[in-house]
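Order of the sequence lines sets the chain letters (A, B, ...), proteins ahead of strands, with each chain counted from 1. Keep in mind it's a predicted model, so treat the numbers as computed, not measured. Values below: all heavy atoms of this structure, side chains included; hydrogens, waters and symmetry mates excluded.
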Amino acid sequence: MIESAGSEATDPASEGPAATTSSGNAEPLIKVSALREGTVIDHLVAGTALKVLKILGIPREGAVTIGLNLESRKGGQKDIIKIERREVSPQEVEKIALLSPRATFSIIRDFKVVRKFKPTLPEVIDNLIRCPNPSCVSSDDRVATRFHVARTDPLKVRCHYCERALKKEDIEHL
Amino acid sequence: MTSIAAVLEGRDLISMRDFTRDELLAFLDEAERFEDFERPIMAGKIMGSLFFEPSTRTHLSFTSAVQRLGGTTLGFADARVSSTAKGESLADTIRMVENYCDIILIRHHLEGAARLAAESSNLPVVNAGDGTNQHPTQTLLDLYTIRQKRGRLDNLKIAFVGDLKYSRTVHSLIETLTHFDNEIFLISPTSLRIPSEFLEDLDARGTVYSEDEDFFSLSSDVDIIYTTRIQEERFPDPIEYEKVKNAYRIDLETMLRVGTEVTLMHPLPRVNEIATDLDDYPGAAYFDQARNGVTVRKAVLCMLLGIDRD
């Protein structure tokens with residue numbers, strides 16, 4: 001289910017881009033069922049949700065709800081993803097952090113948020129990012145890629161081998 | 001050897017980014033002790049010299065450094081004779097070669113190849129140029145020459161002239177100079193401006209700099225002019241090369257307009273950026289750079305191998 005231009009959820013475990021029409025406001029909103037088990041990834045940079053979904057893969061079972069360009073209470077727009085019956089791995093969190101360092105992750109079990117956290121970027125990122133430099137020695141598949149985080153905000157990483165700096169928009173996941 | 005110099009024993013020399021200001025100064029201080037020094041303190045030591053791409057100047061300079069200290073070299077100057085031509089990985093080549101020598105020198109067209117070599121070997125590895133990335137002994141010899149000619153590495157006005165977009169030498173030296181407090185002038189055609197990434201680094205380190213296209217915008221109190229060859233092979237369009245190839249030809253008349261106290265540097269080879277009538281000009285330092293290359297490389301090899309000059 002993909003939702004666009006709605007308002008933001010208050011509780012990750014309850015209806016996410018939430019219910020019906022708000023009072024006095026004629027904006028139509030789509031109802032999304034509460035999450036019993038799974039993960040809510042909120043405060044994604046607007047426009048990154050589909051890339052995040054590519055990292056996570058679309059599960060064979062369980063609903064996936066995506067909200068695009070939702071108004072954020074913190075100002076501006078954001079994306080949100082709810083995945084039923086799926087918890088994210090630390091490696092997936094690292095990858096998503098590269099796209100959206102300020103995202104929040106809520107792990108839901110039995111309708112309750114059992115853990116909520118923001119990702120922290122590691123100093124060294126192994127085998128997650130492809131170096132776009134065709135003259136880099138890591139373009140050989142036998143060499144694992146490695147990047148160092150040179151700056152977190154705005155994100156800049158540097159290839160361990162060819163020393164090229166990449167900005168967030170240049171980052172391509174393996 | 002000073003205590004900080006001793007810390008460098010067993011290290012690799014891959015990138016200038018790996019070293020602190022004090023470590024850089026330790027290399028330069030030690031190099032001063034190797035001026036005109038020729039005793040066989042490297043006797044019994046073998047340098048594995050792996051040139052996966054050709055390089056006359058660097059190859060000869062390192063070989064001269066080793067031979068002047070009584071060491072020997074083995075290796076190849078052409079990748080076609082190495083097993084990588086048969087599909088062997090670089091890591092495997094290095095693991096094989098480290099059995100035959102005491103220190104490894106590598107030049108490779110792929111950027112990061114020297115780093116990968118260092119991670120594949122327990123021996124010290126020296127980067128003799130990895131593509132357009134790093135050539136640290138060139139940067140060290142440039143720093144050494146600056147200090148030799150001007151007596152210091154701080155409070156200088158240093159101009160870089162020519163191809164500031166593609167020149168590995170210029171990028172590395174400018175970045176390394178951020179360890180020191182100098183004013184930088186960047187003179188280039190618009191099409192060959194320094195990439196913005198380097199300007200961001202200068203901003204982050206608080207280095208004062210300015211950019212201009214006009215060579216004569218340089219003030220007469222500039223201390224150093226570092227000029228580079230505009231590399232024809234970098235231009236996909238030959239018409240674009242023709243437009244800029246003679247943009248900054250420096251001759252005696254030019255230097256008389258800028259000032260006669262200026263130190264003039266060039267990594268060589270030159271084409272026509274510096275007229276030969278300047279070769280006897282007192283500030284001409286480009287052949288001294290080549291000479292200093294041997295001195296600095298003697299010191300680097302001995303420091304990494306833990307050989308004390310005395």
> So, the side chain of B:E98 versus the backbone of B:N122: is there a donor-acceptor pair under 3.5 Å, distance only?
Replying inline: yes

Can you pull out all donor-acceptor pairs below 3.5 Å that join chain B and chain A?
| residue | atom | partner | partner atom | Å |
| --- | --- | --- | --- | --- |
| B:S15 | OG | A:E163 | OE1 | 3.2 |
| B:S15 | OG | A:E163 | OE2 | 2.9 |
| B:R17 | NE | A:E163 | OE1 | 2.6 |
| B:G87 | O | A:R142 | NH1 | 3.4 |
| B:E111 | N | A:S135 | O | 2.7 |
| B:E111 | O | A:V137 | N | 2.8 |
| B:E111 | OE1 | A:N133 | ND2 | 2.6 |
| B:E111 | OE1 | A:R164 | NH2 | 3.4 |
| B:E119 | OE1 | A:Y161 | OH | 2.9 |
| B:E119 | OE2 | A:H160 | NE2 | 2.4 |
| B:Q134 | NE2 | A:E163 | OE1 | 3.3 |
| B:E197 | OE2 | A:R158 | NH1 | 3.1 |
| B:E200 | OE2 | A:K167 | NZ | 3.1 |

>> Working to the nearest 0.5 angstrom, can you tell me the gap between B:I106 CD1 and B:F52 CZ?
In response: 5.0 Å

> Going from OG1 on B:T145 to CE on B:M265, what distance comes out if it is rounded to the nearest 0.5 angstrom?
Replying inline: 4.5 Å

> So, the side chain of B:T228 versus the backbone of B:D163: is there a donor-acceptor pair under 3.5 Å, distance only?
Replying inline: yes

> What residue in A:P134, A:C136, A:A165, A:C162 has the most heavy-atom pairs under 4.5 Å with chain B?
Replying inline: A:C162

> A:V40 versus A:F105: any side-chain heavy-atom pair under 4.5 Å?
Replying inline: no

> Is any side-chain heavy atom of B:L28 closer than 4.5 Å to a side-chain heavy atom of B:L140?
Replying inline: yes

